[in-house]
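We use all heavy atoms of the structure for the numbers below, so side chains are in, but hydrogens, waters and symmetry mates are not.
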Amino acid sequence: MNDASWRLGESNQSAASDFILMGLFSNTGSHLVLFFLLVTIFTMGLLGNTILLYLIHTDSRLHTPMYFLLSQLSLLDVGFPLTTIPKMMTDFLQGEGSISFGGCAAQMFFLMLMGVSEGVLLSLMSYDRYVAVCHPLHYPVLMRRQVCLLMVGTSWFSGVLVASIQTSITLHFPFCASHTVDHFFCELPALLKLSCADTSAYALALSISGVLILLLPISLIATSYGHVLGAVLRMHSAKARHKAFTTCSSHITMVGLYYGAAVFMYMVPGTYHSPQQDNVVSLFYSLITPTVNPLIYSLRNREVRVSLVKVLHRAGFRSIR
């Protein structure tokens with residue numbers, strides 16, 4: 001490589017070294033209320049998932065396959081908002097949204113990793129509920145420790161694999177146009193719009209790959225909960241039927257909202273949704289869903305409530321002493 005081409009490559013790399021994130025809203029008094037609302041939701045989400053992780057780790061009665069999988073969900077729900085929201089808050093307070101090329105790559109990689117991992121984990125959790133309700137006698141065998149570890153390993157490996165491929169491909173496109181990302185974090189669809197190369201083939205491949213990444217887990221979830229609901233309807237006890245139906249319906253609702261947002265972002269072509277819609281949808285699955293998940297999946301369960309009360313009682317007793 002001659003000196004002139006080396007200088008040209010260095011110039012192109014420096015030109016792509018920084019991006020500007022537009023953020024969710026402008027730094028005005030009217031948006032200050034929304035900012036503090038998001039801070040409150042963010043804090044509640046971190047607190048709820050951290051408490052749940054602590055309870056599952058310390059209470060031996062929660063050392064079951066279901067709660068082991070839920071602990072992994074909480075871990076992902078801690079990392080998801082931490083990847084985007086603190087940066088968004090800092091940008092709002094400072095009035096600017098500059099992010100380095102490496103920072104943008106890291107943000108996109110970890111978001112993709114946790115998003116795919118959570119999607120796969122949710123589908124495997126639906127299988128856990130199917131076994132628990134439809135085959136309770138075989139549950140200790142079908143959901144033994146090795147199977148649980150395999151489930152968790154599969155979800156994390158899927159996330160790392162997809163994130164590595166998608167991030168590397170996206171960042172190899174030349175960004176010779178504006179480096180202003182019309183989004184509040186570096187997300188793949190938003191970055192593709194900045195490339196001066198023809199990305200239509202990759203965008204089509206991304207939508208097609210969404211069938212494998214999104215629709216296969218959705219199919220497993222639908223099948224599992226279909227069998228679960230069938231078993232629930234056949235229950236003789238009205239109280240047990242109501243409890244199981246309420247739990248399953250709340251799970252299905254949250255899964256549907258999470259996957260619905262992901263399908264909208266990654267399977268619907270970008271020409272069919274605006275940057276404003278992208279911001280709202282991304283905010284939903286990067287902040288709202290991780291905040292609500294511990295309430296829906298765990299903190300409503302009697303075992304978790306009992307464990308929480310005991311921890312609070314011990315903490316209060318120690319403070320009195």
Over all atoms of both residues, closest heavy-atom pair of [X] and [Y]:
X: Leu111; Y: Cys186; answer: CD1-O, 4.1 Å
X: Leu171; Y: Ala105; answer: CD1-CB, 3.1 Å
X: Phe80; Y: Pro290; answer: CB-CG, 4.3 Å
X: Phe42; Y: Leu287; answer: CA-CD1, 3.7 Å
X: Leu150; Y: Thr154; answer: O-OG1, 2.7 Å
X: Thr167; Y: Ala163; answer: OG1-O, 2.7 Å

Inter-residue atom distance [X].[atom1] - [Y].[atom2], 0.5 Å rounding:
X: Leu283; Y: Thr289; atom1: CG; atom2: OG1; value: 9.5 Å
X: Asp77; Y: Leu82; atom1: CG; atom2: CG; value: 11.0 Å
X: Leu113; Y: Ser164; atom1: CG; atom2: OG; value: 7.5 Å
X: Met44; Y: Thr291; atom1: CE; atom2: OG1; value: 7.0 Å
X: Ser71; Y: Asn49; atom1: OG; atom2: CG; value: 11.0 Å
X: Ser123; Y: Tyr225; atom1: OG; atom2: OH; value: 10.5 Å

- request: Could you give me the CA-CA distance, side-chain angles and deciding distance for Leu52 and Val304, then say whether side chain to side chain contact (heavy atoms under 4.5 Å, CB included) is met?
  value: CA-CA 8 Å; Leu52 185 57; Val304 176; 4.1 Å; yes

query: Is the closest side-chain donor-acceptor distance between Ser282 and Glu187 under 3.5 Å?
result: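 Their side chains do contain a donor-acceptor pair, which is all the 3.5 Å distance test asks for.
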
query: Do you see a donor-acceptor pair shorter than 3.5 Å between the side chains of Glu303 and Tyr67?
result: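 Glu303 vs Tyr67: donor-acceptor pair found between side chains.
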
Any side-chain heavy-atom pair from [X] and [Y] closer than 4.5 angstrom?
X: His63; Y: Phe68; value: no
X: Trp156; Y: Leu121; value: no
X: Thr170; Y: Met112; value: no
X: Gln72; Y: Leu75; value: yes
X: Val33; Y: Leu37; value: no
X: Phe184; Y: Asp91; value: no
X: Leu122; Y: Leu73; value: yes
X: Ser126; Y: Val255; value: no

Kindly assign one of parallel, tilted or perpendicular to the pair [X] and [Y], based on the angle between their ring planes and the thresholds 30° and 60°.
X: Tyr130; Y: His227; result: tilted
X: Tyr202; Y: Phe173; result: tilted
X: His183; Y: Phe185; result: tilted
X: Phe19; Y: Phe101; result: parallel

task: In sequence, state the C-alpha distance, the side-chain angles, and the governing distance for Leu215 and Ile218, and then conclude on side chain to side chain contact (heavy atoms under 4.5 Å, CB included).
output: CA-CA 5 Å; Leu215 293 190; Ile218 291 175; 4.0 Å; yes

Exam field: side chain [X] to backbone [Y], donor-acceptor pair closer than 3.5 Å:
X: Ser195; Y: Pro174; value: yes
X: Ser117; Y: Ser155; value: yes
X: Gln107; Y: Thr83; value: yes
X: His172; Y: Ser168; value: yes
X: Ser224; Y: Ile221; value: no

Would you kindly confirm whether [X] and [Y] end up in one hydrophobic cluster when ILVMFWY residues are joined by side chain heavy atoms under 4.5 Å apart?
X: Ile252; Y: Ile296; result: yes
X: Leu21; Y: Val39; result: yes
X: Phe175; Y: Ile20; result: no
X: Leu142; Y: Leu149; result: yes
X: Val280; Y: Tyr285; result: no

task: Apply the test side chain to side chain contact (heavy atoms under 4.5 Å, CB included) to residues Val131 and His138: give CA-CA distance (whole Å), side-chain angles for both, the deciding distance (0.1 Å), then the verdict.
output: CA-CA 8 Å; Val131 175; His138 298 129; 5.6 Å; no

field: Whether over 12 other heavy atoms sit under 6.0 Å from Phe110 CZ
entry: no

message: Looking at Met22, I'd like to know if its CE atom is crowded, meaning that more than 12 non-hydrogen atoms belonging to other residues, nucleotides or ligands lie closer than 6.0 Å.
response: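 Not buried by this count: 12 neighbours or fewer within 6.0 Å.
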
- request: Begin with the C-alpha distance, continue with both residues' side-chain angles, and end with the deciding distance and a verdict on side chain to side chain contact (heavy atoms under 4.5 Å, CB included) for Met143 and Met151.
  value: CA-CA 10 Å; Met143 291 301 297; Met151 285 181 167; 3.7 Å; yes

query: Among all residues two or more places apart in sequence or in another chain, which pass the side-chain contact (heavy atoms from CB on, under 4.5 Å) test with Ile51?
result: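 Here the qualifying residues are Leu47, Leu55, Leu308.
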
